[in-house]
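Report on one structure; see the data block that follows.
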Number of protein chains: 2
Amino acid sequence: MNLERQWKDQLYQEFARIGKCLSSPKRLELIDLLAQGPKAVEQLAKLTGMSVANVSQHLQTLHESRLVRSHKRGNFVIYDIAEPSVAEFMISLHRLSEKQLVEIQKLKSEILHHSVNMEPIAMEELLVRMDRGEVVLLDVRPEDEYAMGHIPGAISVPMEELEQHLTSLPADKEIVAYCRGPYCLMSAQAVEILKSKGIKAARLEEGVHEWKRYMEDSKMSSI
Amino acid sequence: MNLERQWKDQLYQEFARIGKCLSSPKRLELIDLLAQGPKAVEQLAKLTGMSVANVSQHLQTLHESRLVRSHKRGNFVIYDIAEPSVAEFMISLHRLSEKQLVEIQKLKSEILHHSVNMEPIAMEELLVRMDRGEVVLLDVRPEDEYAMGHIPGAISVPMEELEQHLTSLPADKEIVAYCRGPYCLMSAQAVEILKSKGIKAARLEEGVHEWKRYMEDSKMSSI
DNA sequence: CAACTATTCAATTGTTTTATTGAATAGTTG
DNA sequence: CAACTATTCAATAAAACAATTGAATAGTTG
């Protein structure tokens, strides 16, 4: 039955359309950034170090596979992930990649040991200590990304404004900073600044999506 | 800080290694097949309609990204998925693709309506009716795949042996057949045969991995 | 150890994909 | 409506990939 072969070929061709989107490093980075909140093309170009035309082309590819959507506001075109499930899927990809590729683990630990004592705090520990009122959680992403969704209890202090807010932070509590997730270094930079000012600080590796996934997973394992 | 850019580029390069594996239709099909159980190269070539050399090359690619592993038995090289999480990840990819790409939904319904009345039975309904002893669940995959893992309560009747076993099936119960999953047509063929013999039969779309995921999901939502 | 088997390797070809450039478009602002 | 902005389009050149073929390898069997 050759018809079956033909059907399967068409079907897997379609799956591969999503797959092709995931085959370019820059495209993956774009999806990760968009998962944090809608962004314009030029903004994405700056964040990824690509030319605007190049970004636009990649976004076109992502759009054709229905992974992102766009709308015009003013004369900006604002891109966004098409569905929350795209962000969830990216976490699956990150997890699988970290599990299978030692290279990623290596790259991550390189950065950790680059600045001393940057061992991240575990999600579980954070939640317990936040409950006890021992720590303050800082979301150092840009304000609009915080507005799109954040870990409950976190306060928004965008990276650029951190230095100004230093005095208004409670002196008696430990600070924990988080940002876009494990592959974003803003929180690490924040911790470095805080520490250099003599403030006790730690980095939370997880971002909003990882937190969500954590909550769902722990709900399940508590049965 | 150009160092950060460099780090991110390396990191996403690695993620894209996994992504590249998912960019070829044939490679996706190979992973899906291996998710059902270990297989030799020639076997995979037959199942996918590729040349042996071509399959070998794809398997090499998958091996480099640590998605599959291999060992020699006799003078066969047996390939297998490297980790159960690879199978889980493939389900995430299938789900995302089905959700985002109408084309896949179309292809699936084409096959359903090709043979009349092939509306699949829902997992939930199946489980209830199996509990009541109303249905018999048939695993029509090759015996070794059944041995690697199957839905509890299912009995193994490989496709080729189905005709011989027809008489030994309980006449008073409805038969439900399943196979490798939603993109495998063996169960549909089985149902067609059963129906042509006047036996009441239905197709379960899900395979073993989808069943597992279903059980985990329903465990969670029952809180 | 010679014949055979299953798989991999290497070289080639044709096809896709990527980054880059400069022009075109759509929309906004003075 | 002219100047300007953000984005897309189109054309190109360079690079990566996929399928094919035939030879090479490793292992088995008579």
Side-chain angles (χ1 to χ4, degrees), chain A residues 5-6 8-10 12-31 33-34 38-65 67-80 144, chain B residues 5-6 8-10 12-31 33-34 38-65 67-80 144:
Chain A
R5 192 57 270 151
Q6 216 177 319
K8 278 192 188 164
D9 283 349
Q10 286 183 303
Y12 278 99
Q13 189 93 313
E14 292 297 326
F15 288 127
R17 271 176 62 187
I18 303 283
K20 280 195 181 64
C21 287
L22 312 172
S23 69
S24 145
K26 290 298 187 183
R27 247 165 359 225
L28 291 174
E29 199 177 346
L30 287 173
I31 303 175
L33 285 168
L34 290 176
K39 285 175 184 55
V41 181
E42 205 186 344
Q43 206 179 348
L44 290 167
K46 236 174 230 152
L47 286 166
T48 57
M50 280 191 279
S51 76
V52 173
N54 204 179
V55 172
S56 175
Q57 206 172 299
H58 279 307
L59 288 170
Q60 237 52 38
T61 312
L62 292 171
H63 190 87
E64 274 160 34
S65 306
L67 291 183
V68 307
R69 59 183 180 182
S70 65
H71 67 272
K72 273 207 126 166
R73 190 200 297 275
N75 56 13
F76 292 81
V77 177
I78 308 291
Y79 279 87
D80 192 7
D144 61 303
Chain B
R5 192 57 271 150
Q6 215 176 318
K8 278 191 188 166
D9 282 349
Q10 287 182 303
Y12 279 99
Q13 189 92 315
E14 293 296 328
F15 288 127
R17 271 175 63 187
I18 304 282
K20 279 196 181 70
C21 287
L22 312 173
S23 69
S24 144
K26 290 298 187 183
R27 242 157 13 219
L28 291 174
E29 200 177 344
L30 287 174
I31 303 174
L33 285 168
L34 290 176
K39 285 174 185 55
V41 182
E42 206 187 342
Q43 205 179 350
L44 290 167
K46 239 175 228 151
L47 287 166
T48 57
M50 279 190 280
S51 75
V52 172
N54 203 180
V55 171
S56 175
Q57 208 172 297
H58 279 307
L59 288 170
Q60 237 51 40
T61 311
L62 291 171
H63 190 87
E64 275 160 33
S65 305
L67 292 183
V68 306
R69 59 183 179 184
S70 65
H71 67 271
K72 273 205 127 167
R73 188 199 299 275
N75 56 12
F76 293 81
V77 177
I78 307 292
Y79 279 88
D80 192 6
D144 61 303

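Chain naming here is simple, since letters A, B, ... match the order of the sequence lines and numbering starts at 1 in each.
Atom NZ in B:Lys20 sits about 9 Å away from atom P in D:dA16, given to the nearest Å. Here the C1' atom of nucleotide C:dC9 and the CG atom of B:Leu59 are 14 Å apart, to the nearest Å. Atom CD of B:Gln60 is separated from atom P of D:dA18 by 14 Å (rounded to the nearest Å). Atom CD of A:Glu42 and atom P of C:dT28 are 17 Å apart (whole Å). Rounded to a whole Å, the CD1 atom of B:Ile78 is 14 Å from the C1' atom of D:dG27. Atoms CG (B:Asn75) and C1' (D:dG27) sit 5 Å apart, rounded to a whole Å. Residue A:Lys26 contributes atom NZ, which lies 10 Å from atom P of C:dT20 at whole-angstrom precision. Rounded to whole Å, the distance from CE on A:Met50 to P on D:dT8 is 13 Å.
Using a cutoff of 4.0 Å between basic side-chain nitrogens and carboxylate oxygens, B:Arg69 and B:Glu64 are not scored as salt-bridged. At a threshold of 4.0 Å, the pair B:Asp80-B:Lys39 does not count as salt-bridged, since none of the basic side-chain nitrogens sits closer than that to a carboxylate oxygen.
The shortest distance between the side-chain N/O atoms of B:Arg27 and the OP1/OP2 oxygens of D:dA18 is below 4.0 Å. Considering only side-chain N and O atoms, A:His58 lies under 4.0 angstrom from the phosphate OP1 or OP2 of C:dA19. An OP1 or OP2 oxygen of C:dT8 is reached within less than 4.0 angstrom by a side-chain nitrogen or oxygen of B:Tyr79. Between D:dA19 and B:Asn54, a contact under 4.0 Å exists linking OP1 or OP2 to a side-chain N or O. Close to D:dA19, at under 4.0 Å from its OP1 or OP2, lies no side-chain N or O of B:Gln57.
Both B:Ser24 and A:Ala40 lie close to DNA chain D; mapped to their nearest nucleotides by heavy-atom distance, the more 5′-ward contact belongs to A:Ala40. Between A:Thr61 and A:Gly74, the residue anchored closer to the 5' end of DNA chain C is A:Thr61, taking for each the nucleotide with the nearest heavy atom.
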Pair A:Lys46-A:Gln43, side chain to side chain contact (heavy atoms under 4.5 Å, CB included): steps then yes or no
CA-CA 5 Å; A:Lys46 236 174 230 152; A:Gln43 206 179 348; 5.9 Å; no
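Smallest separation of non-hydrogen atoms from A:Ser65 and A:Ile18: O-CD1, 3.6 Å.
Contact of the A:Leu59 side chain with the A:Leu34 side chain is registered, since non-hydrogen atoms from C-beta on lie closer than 4.5 Å.
With both pairing distances under 3.5 Å, C:dA23 is matched to D:dT8 as a Watson-Crick or G-U wobble pair. In this structure, D:dT28 forms a base pair with C:dA3, meeting either the Watson-Crick or the G-U wobble geometry with both donor-acceptor distances under 3.5 Å. Using N1 to N3 plus N6-O4 or O6-N4 for Watson-Crick, or N1-O2 and O6-N3 for G-U wobble, each under 3.5 Å, D:dC17 pairs with C:dG14.
Side chain of B:Lys72, nearest nucleotide from C:dA6, D:dA26, C:dG27: D:dA26. Of the candidates C:dT18, D:dT7, C:dT7, C:dT18 carries the atom nearest the A:Ser23 side chain, counting heavy atoms from C-beta on.
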